[in-house]
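The next block holds one structure in the form of structure tokens; read it before the comments.
As the structure is a prediction and not an experimental result, all values here were calculated from the model.
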Amino acid sequence: LARALEGSSVLEVLRVERCGLREETARHLGNMLQTNTTLRVLGLGRNGLGDRGIFALAPALGRNKVLQELDLSSNNIGTEGAKVLEETLQKLNNNLKCMFVTGNKLRQDIIDHLHNLAASHRSRHKPRGNYSA
């Protein structure tokens with residue numbers, strides 16, 4: 001699926017939730033995100049990506065300039081995966097306006113910090129639609 005989407009010029013929303021995705025799929029999705037110029041919403045909630053899946057996906061998240069909403073809820077992401085997400089958001093991607101990370105193995109203060117990072121990106125742009133951190 002991810003290979004087929006590489007270079008897609010029409011897909012704006014992709015939701016692959018509750019599909020049992022793992023690290024290898026995250027790597028393929030990451031490759032797609034590096035070249036895709038239209039995907040605004042990526043829903044990966046309720047899979048099993050874990051920290052290793054986030055490690056595979058994060059570099060592409062930083063390079064992608066159009067992604068605005070990312071759902072990583074209920075993916076068994078722990079502290080190490082959250083650190084990688086935080087570093088990615090701080091250094092690279094400044095279009096991401098909304099990220100969902102609830103239902104993972106994260107303390108509330110980490111969730112709040114990630115949401116605040118997404119909110120800081122959102123404040124750099126004119127609000128469009130209903131985005132919430």
Side-chain angles (χ1 to χ4, degrees):
L1 174 65
R3 281 189 214 134
L5 296 173
E6 286 183 34
S8 171
S9 61
V10 294
L11 186 69
E12 292 185 10
V13 176
L14 176 63
R15 295 192 189 279
V16 282
E17 299 162 347
R18 297 181 189 194
C19 294
L21 305 180
R22 299 286 187 262
E23 177 185 358
E24 183 176 343
T25 307
R27 191 173 305 110
H28 291 299
L29 286 169
N31 291 337
M32 180 269 298
L33 283 173
Q34 289 186 44
T35 60
N36 182 285
T37 59
T38 59
L39 191 67
R40 292 180 301 104
V41 177
L42 180 58
L44 299 175
R46 298 178 188 210
N47 282 290
L49 297 176
D51 288 344
R52 296 178 88 184
I54 297 305
F55 299 157
L57 195 58
L61 291 174
R63 289 187 199 102
N64 182 284
K65 301 300 180 198
V66 294
L67 191 66
Q68 296 176 0
E69 181 180 316
L70 177 63
D71 183 355
L72 295 172
S73 60
S74 300
N75 262 297
N76 297 316
I77 300 168
T79 304
E80 294 303 313
K83 286 179 186 176
V84 169
L85 282 174
E86 177 184 6
E87 291 169 8
T88 299
L89 287 175
Q90 286 179 334
K91 294 178 184 175
L92 302 170
N93 188 327
N94 54 0
N95 269 343
L96 191 65
K97 298 175 183 133
C98 182
M99 181 171 54
F100 299 95
V101 295
T102 57
N104 287 293
K105 299 181 276 186
L106 303 175
R107 296 185 325 257
Q108 188 60 46
D109 63 318
I110 294 172
I111 293 171
D112 292 343
H113 184 66
L114 289 171
H115 285 181
N116 289 337
L117 282 172
S120 72
H121 291 298
R122 187 175 61 238
S123 68
R124 294 179 198 161
H125 305 277
K126 288 184 176 180
R128 292 177 13 195
N130 290 327
Y131 292 99
S132 59

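- Residues passing the side chain to side chain contact (heavy atoms under 4.5 Å, CB included) test with K105 are N76, sequence neighbours excluded.
- A distance-only check finds a donor-acceptor pair linking the side chain of N75 to the backbone of L72 [under 3.5 Å].
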**Request:** Assess whether side-chain contact (heavy atoms from CB on, under 4.5 Å) is satisfied between L61 and L33, documenting all intermediate values.
**Result:** CA-CA 7 Å; L61 291 174; L33 283 173; 3.8 Å; yes
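- Ion pairing between a basic and an acidic side chain is recognised when a charged N comes within 4.0 Å of a carboxylate O; E23 and R27 show such pairing.
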**Prompt:** Could you go step by step and tell me if L96 and L70 meet the side-chain contact (heavy atoms from CB on, under 4.5 Å) rule?
**Reply:** CA-CA 8 Å; L96 191 65; L70 177 63; 3.9 Å; yes
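- Here the shortest heavy-atom pairing between E80 and F55 reads O-CE2, 3.8 Å.
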**Message:** Working note: L44 + L42, criterion side-chain contact (heavy atoms from CB on, under 4.5 Å); need CA distance, chi angles, decisive distance, verdict.
**Reply:** CA-CA 6 Å; L44 299 175; L42 180 58; 3.9 Å; yes
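- Residues forming a side-chain hydrogen bond (donor to acceptor under 3.5 Å, both in side chains) with R46 (at least two apart in sequence, or on another chain): none.
- Using a distance-only test at 3.5 Å, with no hydrogens or angles considered, no donor-acceptor pair links the side chain of T25 to the main chain of L21.
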In residues 12-20, what donor-acceptor pairs under 3.5 Å come from side-chain atoms, sequence neighbours left out?
unit_1	atom_1	unit_2	atom_2	d
E12	OE1	R40	NE	3.2
E12	OE1	R40	NH2	3.1

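- Side chain of N104 to backbone of V101: a donor-acceptor contact under 3.5 angstrom is found.
- Residues I54 and L85 meet the side-chain proximity criterion, which asks for heavy atoms closer than 4.5 Å.
- Panel note: side chain S74, backbone G45; no donor-acceptor pair is recorded below 3.5 Å.
- Every side chain to side chain contact (heavy atoms under 4.5 Å, CB included) that E86 has, sequence neighbours left out, goes to Q90, H113, L114, L117.
- At least one donor-acceptor pair under 3.5 Å links the side chain of D51 to the backbone N or O of G78.
- Listed by chain and residue number, S73 satisfy the side-chain hydrogen bond (donor to acceptor under 3.5 Å, both in side chains) test with D71 (two or more places apart in sequence, or in another chain).
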